[in-house]
Amino acid sequence: MSNIAGRVREAFRGDQRVDADALIARLDAVRRFLIAVDGLLPDSDLVPAHTLVERAGTRLALSRDHTVVALAGATGSGKSSLFNALAQLELSPVGVRRPTTGVTHACVWGPLEGANHLLDWIGVLPRHRFVRESALDADDETALHGLILLDLPDFDSVQRSHRLEVDRLLGLVDQVVWVVDPQKYADRVIHDSYLREFHRHRDVTLVVLNQADRLPPAEVPRVLDDLRRLLDTDGLTGVPLLATTALDPAGMVGLRDALERTVAERQAALRRLAGDVDTVVAGLDALVGSARPAGGPDDTAINGLNRALAGAAGVPAVTEAVERAYRHRAGAATGWPVVRGWRRLRPDPLRRLHLPGPAGDQADPAESLVAATSVPDPTAAQRSALGLAIRAVADRAAADLPAAWPGAVTSAARSRLGDLPDALDRTIAGTDLGLDRRPVWWRIVGGVQWLVTLAAVVGLGWLVLGYALRALGLPALDNPMVGQVPLPTVLLLGGLLAGLLVATLTRPVVRWAARRARARADQRLTARVAQVGDEYVLTPVRIVLGSYAQARDALRDAARR
């Protein structure tokens, strides 16, 4: 048997050391990834990462002087016999009844006190913990001080609780020694359900062909070669493969040497966590890919959003009211004074929308508490156009992102949709429409109208006075003549005609100025509405894109070794 052990012994891999600080940095990168994607990606996709961060933090906080090695295997593989042979004590029950191992047993080399916290976290009951210390050993066991060896339940047990316990513990231990026997070493359960899943943990995986003494010596190399082929297929190329037998101390030399080297290096826990990070990063890679996110949606989508927001906010109705209000106010300021009062009796078009009207004619503050404006509500077509514009913004922003992110971008773009109507209404109500100042030319034309109207009134009064004097038989007034026409008549007719002429000449100017006022109001309203769109639609989208960039960078940092 000693010849067989010498023939198949392989050096345990431990050439690549894992730097603890670098590992902690990788774990912190995974934590940053989780923070970046919190609330954006499905929680089910993030469970392994959350589990890794929690387990790794706990494992690193516990004893680094101990190495937890688990013996895992199927029913009848001789796992418990191997456990007892390594401990040189009968600690784990061995028998013919299957499954034999129903609970996990632990053997600690060195003082038990230092390992208790670690065993509490792993979940080994105190009554199943044993100490490998004896005065008769002298220094024989010193090389294994710090080793915590676990004998796990059989992973192919008919009792489901045993399998669940094995799966739980395999996620916690530092190193796994897979124990197979010559009869079932090729069993698909161990290869498909377990060994293949450990391909990123090759540095902390060891496979032993136990009970090799049951094979003819000439058959051992052939079986080992076949097992090596299966391990290569499982992605475990280079994993140490040993032949053992619990009946012959010489058949345990290779395994014991491997364990001594593992304990001496104090690297198993770090390598296990590094493999866990590799596994988690590989699983998360599809969520972020390698796309470089754009700064946001393009100008075409933004312009479409602004147009849709302007329509939903009632900007066309307000700008039309601005044009009519300008004409209304200009007419009241430049028209004949005798009809200005009549114009003022007509309500200002902006006042009807609860928008700033003429000075001294503002909306009742109590009314503004109920509704900012009375701008008509958006039509079904306008609401539909706004929804399509928001969707277009999200689609263009997420065009190059992995499949997990467009939904998050769309949700962000629509996250404040319910607040948009009130925000747009407040924006319309608070926008300076540019009608507060009265143009200078209004005053000039108004002054001219007052002068010609005064002239007409003076001429009319003069004529009335003359007719009254004649009716009373009093001497008539001596009216000055302008050519052949009396001055009072010239003042009356000239004032009326001049007023009509000024009104006629002013009317096209008022229409032109009203259109300019409408254009200015449209520009201001569109700019303010665009600010609302930026705050309520584009900013949430940019936040998600920023989170994606942070997640991608964090995952890239976590992948570095």
**Study point:** Geometric class of the His128/His105 ring pair [parallel <30°, tilted 30-60°, perpendicular >60°]
**Key:** tilted

Going by an N to O cut-off under 4.0 Å, is there a salt bridge joining [X] and [Y]?
{"X": "Arg129", "Y": "Asp120", "value": "yes"}
{"X": "Asp28", "Y": "Arg32", "value": "yes"}
{"X": "Lys79", "Y": "Asp154", "value": "yes"}
{"X": "Asp553", "Y": "Arg556", "value": "yes"}

Short side-chain donor-acceptor distance under 3.5 Å, [Y] and [X]:
{"X": "His145", "Y": "Thr142", "result": "no"}
{"X": "Tyr194", "Y": "Asp156", "result": "no"}
{"X": "Ser80", "Y": "Asp151", "result": "yes"}

**Study point:** Residue that, paired with Asp174, satisfies salt bridge (charged side-chain N to carboxylate O under 4.0 Å, His left out) out of Arg271, Arg59, Arg272, Arg266
**Key:** Arg59

Study note, to complete from the structure: Only one of Leu40, Asp45, Leu555 passes side-chain contact (heavy atoms from CB on, under 4.5 Å) with Leu287, and that residue is Asp45

Practice item. For His50, look at atom NE2 and say whether over 12 heavy atoms of other residues, nucleotides or ligands are found less than 6.0 Å away. Key: yes

Review point. Would you say Arg168 has more than 12 foreign heavy atoms packed within less than 6.0 Å of its CZ?
Key: yes

Review point. If every non-hydrogen atom of Asp234 is compared with every non-hydrogen atom of His199, which pair is closest and at what distance?
Key: O-CB, 3.7 Å

Exercise for review: Would you mind reporting whether Leu424 and Val529 have side-chain heavy atoms less than 4.5 Å apart?
Suggested key: yes

